[in-house]
Amino acid sequence: MKNILVTGGAGFIGANFVIYMLEKYPDYNIIVYDKLTYAGNMDNLLAVSDDPRFDFVKGDICDPETVADTIRRFGIDTIVNFAAESHVDRSIIDPDAFIKTDVYGTYVLLEAAKTFGLERYHQISTDEVYGHVPFGHSSVETDNLEPRSPYAASKASGDLMVNAYFVTYGLPVTITRGSNNIGPFQYPEKVVPLFATNAIDYEPLPVYGDGKQMRDYQYVGDHCSAIDVVLHKGKYGEAYNVGTGTEMENLEMVEILLETLNRPKILIRHVADRPGHDRRYSLNVAKVRALGWEPEHTPAEAIAKTVQWYAENEWWWRKIKSGEFKAYYRQQYEERLRNATPS
Ligand code: NAD
Ligand code: DAU
């Protein structure tokens with residue numbers, strides 16, 4: 001592994017991964033391939049933009065010619081695919097781009113990996129492919145995929161296609177299925193950066209429904225180190241769950257967030273729930289731990305550290321919140337907040 005194509009590397013997790021890998025491996029070259037949708041942001045890559053081992057190509061993973069040109073031009077041997085439409089609420093408003101990028105785009109990359117005989121194709125997937133997980137169970141990698149939102153269904157379809165290329169063509173693939181990531185550079189549509197930036201400005205926090213849904217909030221750096229471990233030690237054809245292995249209710253996350261920022265609980269508003277909202281995700285992470293990986297942060301530490309980053313990096317998020325984001329926020333929250341109930 002030497003020349004790695006990181007698709008979606010200008011997004012939240014992808015950019016953290018690029019920074020992590022360039023710091024850890026002096027002899028690796030990283031080429032970011034990204035369409036720069038609303039979620040892609042070159043500010044996320046400022047730390048590495050002058051590094052001679054880093055290159056950037058603006059391109060769509062649904063465009064086979066540009067993908068092939070890029071693989072040829074940079075002598076790519078490995079693809080790590082982060083590129084996706086990633087927000088559940090947007091997939092409910094309009095699933096179209098999710099099917100194109102998360103399903104068809106994955107197929108285009110797999111086909112390119114096969115044509116060029118790459119060393120490895122790694123797919124970044126999600127715990128949402130398992131669907132709602134009842135109490136008493138934590139998902140293992142062999143569980144059925146039972147996605148329930150258009151986003152989750154598009155990611156599960158990607159996983160199935162990756163597996164098909166392994167079984168049918170012997171393509172050397174691996175998959176990681178991560179829980180909720182939080183940390184620097186997360187677009188403030190996702191709950192933790194949205195609530196942190198709202199709370200900083202004493203704006204209301206729109207909690208969906210009763211706020212008792214459960215998520216495993218992991219620090220993005222821990223997810224990146226797990227992907228690194230799977231890239232180097234993961235067995236071809238296998239999927240690996242990645243998370244802390246402990247989930248908490250959203251309201252508990254909100255309490256930690258408000259305490260960290262020293263903001264009052266009266267900012268909490270209970271608003272209309274997300275349609276089809278998965279109540280609980282829970283991952284069994286024994287398989288990735290058996291490769292020698294473990295997370296460095298508990299969910300509570302990850303939340304506090306993330307919130308602190310947003311408090312100290314207004315330069316990064318204020319310009320985002322004043323652009324495209326405003327129209328999205330109005331569409332998603334204006335009516336909900338008008339009909340909200342306080343905590
Ligand atoms: P993000 O929305 O922050 O970034 C996605 C990136 O992909 C952006 O830079 C965007 O410009 C790019 N992109 C979108 N469509 C593209 C296309 N057609 N061609 C090329 N680039 C395109 O997403 P994220 O939160 O960093 O998630 C990255 C990956 O990790 C996704 O595959 C997501 O499903 C998965 N994942 C995310 C989480 C999480 O909590 N955020 C957890 C588990 C898995
Ligand atoms: O679980 C992994 C997934 O985590 C990733 O695959 C997705 O890409 C990522 O977006 C994330 O999905 P979630 O839907 O879990 O994340 P989100 O931050 O949107 O919501 C987290 C929880 O907070 C969820 O229970 C919904 C709730 N929520 C979210 C928003 C945006 C609210 O209560 N209010 C909100 O305004």
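Throughout, numbering of the chain's residues begins at 1 and tracks the sequence. One-based numbering, in listed order, for ligands and for the atoms of each.
- In summary, the atoms of ligand 2 found under 4.0 Å from a heavy atom of Tyr151, numbered by their order in the structure, are 5 (C), 6 (O), 7 (C), 8 (O).
- Taking a cut-off of under 4.0 Å to the non-hydrogen atoms of Val88, the atoms of ligand 2 that pass are 14 (O).
- When Glu128, Met214, Lys190 are checked for heavy-atom proximity to atom 13 (P) of ligand 2, Glu128 turns out nearest.
- Annotation: Tyr187 is not in aromatic contact with Trp317 [ring centroid separation under 6.0 Å not met].
- Residue Asn181 does not touch ligand 2, judged by heavy-atom distances below 4.0 Å.
- The shortest separation from a heavy atom of Ala10 to ligand 1 is under 4.0 Å, placing the residue in contact.
- For the residue pair Trp293 / Asp222, no side-chain donor-acceptor distance below 3.5 Å is found, with atom types taken as modelled.
- Here Ala97 has no heavy atoms under 4.0 Å from ligand 1, in either its backbone or its side chain.
- For the pair Ser86 and ligand 2, the shortest N or O to N or O distance falls below 3.5 Å.
- A donor-acceptor pair shorter than 3.5 Å can be found between the side chains of Arg90 and Tyr38.
- The proximity of Phe12 to ligand 2, defined as any non-hydrogen pair under 4.0 Å, does not occur for either the backbone or the side chain.
- Close approach of ligand 2 to Val207 (heavy-atom distance below 4.0 Å) involves ligand atoms 33 (O).
- Nearest protein heavy-atom contact of atom 11 (O) of ligand 1 is Asp34 OD1, 2.6 Å.
- An N or O contact shorter than 3.5 Å is missing between Gly178 and ligand 1 by distance.
- Those atoms of ligand 2 that come under 4.0 Å of a heavy atom in Tyr333, given as number and element, are 30 (C), 31 (C), 35 (C), 36 (O).
- Checking only distances, Arg274 does come within under 3.5 Å of ligand 2, N or O to N or O.
- With a 4.0 Å heavy-atom cut-off, ligand 2 is reached by no atom of Gln332.
- An N or O contact shorter than 3.5 Å is missing between Val192 and ligand 2 by distance.
- By the 3.5 Å distance cut-off applied to N or O atoms, Asp89 is not counted among the residues near ligand 2.
- Checking only distances, Gln213 never comes within under 3.5 Å of ligand 2, N or O to N or O.
- Checking only distances, Val191 does come within under 3.5 Å of ligand 2, N or O to N or O.
- In terms of protein heavy-atom proximity, atom 42 (C) of ligand 1 is nearest to Ser179 O, 3.3 Å.
- Contact annotation: Gly59 has at least one heavy atom less than 4.0 Å from an atom of ligand 1.
- Numbered from 1 in the order shown, with element, the atoms of ligand 2 that lie under 4.0 Å from a heavy atom of Phe195 read 34 (N), 36 (O).
- In the vicinity of Glu189, heavy-atom distances shorter than 4.0 Å reach the ligand 2 atoms 31 (C).
- Here's the thing with His223: none of its N/O atoms is less than 3.5 angstrom from an N/O atom of ligand 1.
- For the ligand labelled ligand 1, residue Tyr151 lies inside the 4.0 Å heavy-atom shell.
- For Phe82, the heavy-atom gap to ligand 1 drops under 4.0 angstrom.
- Close contacts of ligand 2 with Asp127, meaning ligand atoms under 4.0 Å from a residue heavy atom, involve 1 (O), 2 (C).
- In this model, a donor atom of one side chain and an acceptor atom of the other lie less than 3.5 Å apart for Thr174 and Arg120.
- Ranking protein heavy atoms by distance to atom 21 (N) of ligand 1, first place goes to Lys35 N, 3.1 Å.
- Taking the ring axis of Tyr219 as reference, the NZ or CZ atom of Lys305 stays within 45° of it and closer than 6.0 Å to the ring centre.
- In summary, the atoms of ligand 2 found under 4.0 Å from a heavy atom of Leu194, numbered by their order in the structure, are 36 (O).
- Residue contacts with ligand 2, taken as heavy atom pairs separated by less than 4.0 Å, do not involve Ala84 at all.
- Tyr329 and Asn198 form a side-chain donor-acceptor contact under 3.5 Å, judged by distance and modelled atom types alone.
- From the protein, the heavy atom lying nearest to atom 40 (O) of ligand 1 is Asn181 N, 2.8 Å.
- The nearest non-hydrogen atom to atom 25 (O) of ligand 2, considering only Arg177, His277, Arg279, His87, comes from His277.
- Within the structure, ligand 1 has Asn180 among the residues with a heavy atom less than 4.0 angstrom away.
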